Q: 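Just dropping this structure here.
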Amino acid sequence: MSHRPSAPRGTHDVLPPETRRREDLIDTARAVFRAYGFEGIVTPTFEETEVFVRGVGTSTDIVRKEMYSFTDQGGRELTLRPEGTAPVARAFVQHGMHKRQLPVKFWYLAPMFRQEAPQKGRFREHYQLGVEVLGSDSPLVDIEVIAVLADLYARLGVPDIGLRISSMGDPESRAAHREALIPHLERNSARLSEDARGRLNENPLRLFDSKDDGVQAVMAEAPMLGDHLTDEASAHHDAVTAGLQKLGIDFESDPTLVRGMDYYTKTVFEFTCGALGAQSAIGGGGRYDGLVEQLGGPPTPGIGFGTGVERLMLALESTGVEVPAGLRCYVAILDDDLRIELLPLVAELRAAGISVETDLRGRGLKAMMKHAASRGAEQAVIIGKRDYDDGVATVRDMQTGDQQQVSLARLSEVLQ
RNA sequence: GUGAACGUAGCUCAGCUGGUAGAGCUCUGGCUUGUGGUGCCGGCGGUCGCGGGUUCGAGUCCCGUCGUUCACCCCA
């Protein structure tokens, strides 16, 4: 027993009927993305480690302690993708997409790997649906990207959604803010927690997000990034919020909103879902105007988001939406010889677009009927020796129990 | 990575102060020789997460380990 393997810590299998709800969710997402003109992009599950180190940033928890990195047989330093944006930016650069008509708009569904402590809504492998738009610095893109995500949540019926939005400014804004913030923190270092003092210099913005009382008190009096935005960054932010208001998308301006990637500039945002508990972030993203250049490409602005598939599933669990069964018809064949004889008939039904299942174990009618019921079949088609000799099948409505004889030739037509 | 709680059949759980495992559901067979969903009867299924210790004896106590959950942290 002890050597019976199980899924590694922080990973899990997805089984029916859960898979069905998941597939439906992904179908909906794809439809929403297409409605906005996004096209799919697929990037490798692993990248050169350098992509994330340079892209995501060395001060981030992701790069510092959460990456699954390894050296392959050829001595290459590789890392399982911990986030979705840097790989897309890398692909943009590699394929010279700046020569395409800009902006390019991509969506993806991909697994992400981070070695974190697992808990509800947080796994070491999780899937994200995401979107990236590269090649326009217009606030119109920010608005569209946030709108797609809000639209997706609405279409899925995710309950208790909240949106926080802020601006990280541009490098110039951040430098000015940092010059005011660091001295403030140093003056008050006695009131900061040990952990907070440790990261005071490398990423002081992170402290705005702290839940420590002492740190919070210091940060409440700290100079805000929002007060140091350049005119351009400030105007950009105002245009984004104006657009969201015009679309009727509710949001809360939260200058303390901080996100985990170093590449963010200007607009950052995070959607939360009250049904999720401690891991309440269900999706988030922001603008990353320096990332493409950071990865060796021409200066190219970009913005995107990621939203967690598992967290979406958790959020939707509480709504108790029933998914209809996927099976239309169960064909119960009574005679062993007929099981082979009637293979073309079953094939014909399937070719006509009817979902059909048959017994694959050679069971009796009673067991087959039970199977048909538990699979949620709308109709059972019963064909025994007598029916077959008469050229008919018995079609039973599994809801009402009504039965009728239908000629084999007309079967697919009747079942439509 | 840190702290706390929990870990008994596929699932949900019971098992009092230690004496060598039980229920419901699921699955399966029968009552119903070609018919499901209700009912009755039967069956399959567990070295009590794993390893060690205390004891005449441990699911029940102790330690370790793995896993899950919650909080910190971080994020989707």
Side-chain angles (χ1 to χ4, degrees), chain A residues 1-12 15 56 59-66 82-85 109-130 149 158 193 195-196 198-199 203 206-207 209-212 215 257-261 268 270-273 276-285 304-315 330 332-335 338 359 361 363-388 393-403:
Chain A
M1 287 312 180
S2 60
H3 26 261
R4 185 183 289 182
S6 61
R9 179 170 165 79
T11 69
H12 62 273
L15 310 174
V56 178
S59 85
T60 62
D61 279 7
I62 288 181
V63 170
R64 287 197 331 199
K65 49 190 187 189
E66 295 175 2
E83 64 93 47
T85 300
L109 167 65
M112 307 295 164
F113 306 86
R114 296 179 201 167
Q115 194 160 171
E116 301 183 84
Q119 64 186 68
K120 192 171 196 112
R122 193 169 73 188
F123 311 102
R124 291 188 168 184
E125 178 184 23
H126 76 278
Y127 281 75
Q128 279 185 32
L129 283 158
L149 192 49
V158 182
S193 67
D195 183 54
R199 20 171 137 187
N203 200 339
R206 210 51 68 68
L207 300 189
D209 211 22
S210 173
K211 284 162 191 160
D212 181 272
V215 177
L257 175 63
V258 174
R259 295 193 46 81
M261 269 63 86
V268 290
E270 189 167 287
F271 283 87
T272 57
C273 171
L276 289 179
Q279 309 305 322
S280 64
I282 195 166
F305 68 70
T307 185
V309 171
E310 289 77 9
R311 286 190 188 173
L312 281 169
M313 295 294 290
L314 279 170
Y330 190 98
I333 297 165
L334 298 177
D335 184 278
L338 286 182
D359 170 63
R361 290 181 55 195
R363 288 179 288 193
L365 180 58
K366 189 181 173 67
M368 287 193 279
M369 290 304 289
K370 203 170 175 182
H371 190 205
S374 74
R375 300 289 290 126
E378 293 169 27
Q379 291 116 350
V381 173
I382 302 159
I383 308 174
K385 201 81 181 159
R386 341 171 167 135
D387 307 281
Y388 186 68
T394 303
V395 177
R396 179 184 178 89
D397 184 306
M398 294 298 283
Q399 287 295 319
T400 65
D402 295 341
Q403 298 195 168

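Predicted, not measured: the structure shown is a model, and the values here were computed from it. Throughout, protein chains are lettered first and strands after them, A, B, ... in sequence-line order, and every chain is numbered starting at 1.
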Q: The test is side chain to side chain contact (heavy atoms under 4.5 Å, CB included); show your working for A:R114 and A:D61 and say whether it passes.
A: CA-CA 10 Å; A:R114 296 179 201 167; A:D61 279 7; over 6 Å; no
Q: What contact category does A:Q379 fall into here, base, sugar-phosphate, or nothing, at under 4.0 angstrom with non-hydrogen atoms?
A: nothing
Q: Kindly give the heavy-atom pair with the smallest separation between A:Q128 and A:G306, and that separation in Å.
A: OE1-CA, 3.5 Å
Q: Base, sugar-phosphate, or nothing for A:G401, non-hydrogen atoms under 4.0 angstrom?
A: base
Q: Give each protein N/O atom lying under 3.5 Å from an N/O atom of nucleotides 41-44 of chain B, with the pair distance.
A:
none

Q: Taking the same atom, C1', in B:C66 and in B:G52, what whole-Å distance lies between them?
A: 15 Å
Q: From CD1 of A:I333 over to P of B:U35, roughly how many Å is that when rounded to an integer?
A: 17 Å
Q: NA contact type, A:Q403, heavy-atom cut-off 4.0 Å: base, sugar-phosphate, or nothing?
A: base
Q: I want to check one thing: is the phosphate of B:C74, taken as OP1 and OP2, less than 4.0 Å away from some side-chain N or O of A:R64?
A: no
Q: Pick the closest RNA chain B nucleotide for A:G308 and for A:K370 by heavy atoms, then say which residue is nearer the 5' end.
A: A:K370
Q: Any protein N or O atoms within reach of nucleotides 2-11 of chain B? Criterion: under 3.5 Å, listing atom names and distances.
A:
none

Q: Anything under 3.5 Å between a protein N or O and an N or O of nucleotides 32-34 of chain B, put it in a table, one pair a line.
A:
unit_1	atom_1	unit_2	atom_2	d
B:G34	N7	A:R386	NE	3.4
B:G34	N7	A:R386	NH2	3.2
B:G34	O6	A:R386	N	3.3
B:G34	O6	A:R386	NE	3.1
B:G34	N1	A:D387	OD2	2.6
B:G34	N2	A:D387	OD2	3.2

Q: With both distances under 3.5 Å as the test, what is the Watson-Crick or G-U wobble partner of B:A5?
A: B:U68
Q: Which residues satisfy the salt bridge (charged side-chain N to carboxylate O under 4.0 Å, His left out) test with A:R363, sequence neighbours excluded?
A: A:D359
Q: Spell out protein contact along nucleotides 64-69 of chain B as letters: B when the base is contacted, S when just the sugar-phosphate is, - when no protein heavy atom is under 4.0 Å; keep the 5' to 3' order.
A: ---SSS
Q: Taking all heavy atoms of A:A281 and all of A:L276, pick out the closest pair and write down the distance.
A: O-CD1, 4.2 Å
Q: Please find the pair of heavy atoms, one from A:T394 and one from A:D387, that lie closest to each other, and give the distance.
A: OG1-OD1, 3.1 Å
Q: Output, in order, the C-alpha distance, side-chain angles, deciding distance and verdict of side chain to side chain contact (heavy atoms under 4.5 Å, CB included) for A:T85 and A:M261.
A: CA-CA 10 Å; A:T85 300; A:M261 269 63 86; over 6 Å; no
Q: Could you tell me which nucleotide pairs with B:U47 by Watson-Crick or G-U wobble geometry, both distances under 3.5 Å, or answer none if nothing does?
A: none
Q: Provide, to the nearest angstrom, the distance between the CZ atom belonging to A:R311 and the P atom belonging to B:C74.
A: 14 Å
Q: Working note: A:M368 + A:L334, criterion side chain to side chain contact (heavy atoms under 4.5 Å, CB included); need CA distance, chi angles, decisive distance, verdict.
A: CA-CA 9 Å; A:M368 287 193 279; A:L334 298 177; 3.9 Å; yes
Q: Could you work out the separation of B:C25 and B:G42 based on their P atoms and round it to a whole Å?
A: 13 Å
Q: Watson-Crick or G-U wobble partner for B:A21, using a 3.5 Å limit on both distances?
A: none
Q: Select base, sugar-phosphate, or nothing to describe what A:A281 touches, counting heavy atoms under 4.0 Å on all strands.
A: base
Q: Between B:U65 and B:G3, how many Å separate the two P atoms, rounded to a whole number?
A: 11 Å
Q: Please indicate yes or no: is the ring centre of A:H126 less than 5.5 Å from the centre of the six-membered base ring of B:A76, with the two planes inclined by under 30 degrees?
A: yes
Q: Touch check for A:M112, heavy atoms < 4.0 angstrom, all strands: base, sugar-phosphate only, or nothing?
A: nothing
Q: Find which nucleotide of RNA chain B each of A:R361 and A:V309 is nearest to by heavy atoms, and output the residue with the more 5' nucleotide.
A: A:R361
Q: So which nucleotide does B:U54 pair with, by the Watson-Crick or G-U wobble rule with both distances under 3.5 Å?
A: none
Q: What does B:C40 pair with, Watson-Crick or G-U, if both distances are under 3.5 Å?
A: B:G30
Q: What is the minimum heavy-atom distance between A:G121 and A:L314, and which atoms define it?
A: CA-CD1, 3.6 Å
Q: Please find the pair of heavy atoms, one from A:G10 and one from A:F123, that lie closest to each other, and give the distance.
A: O-CB, 3.2 Å
Q: Which residues satisfy the salt bridge (charged side-chain N to carboxylate O under 4.0 Å, His left out) test with A:E83, sequence neighbours excluded?
A: none
Q: Distance-only, no hydrogens or angles: does the A:E310 side chain make a donor-acceptor pair with backbone N or O of A:Y127 under 3.5 Å?
A: yes
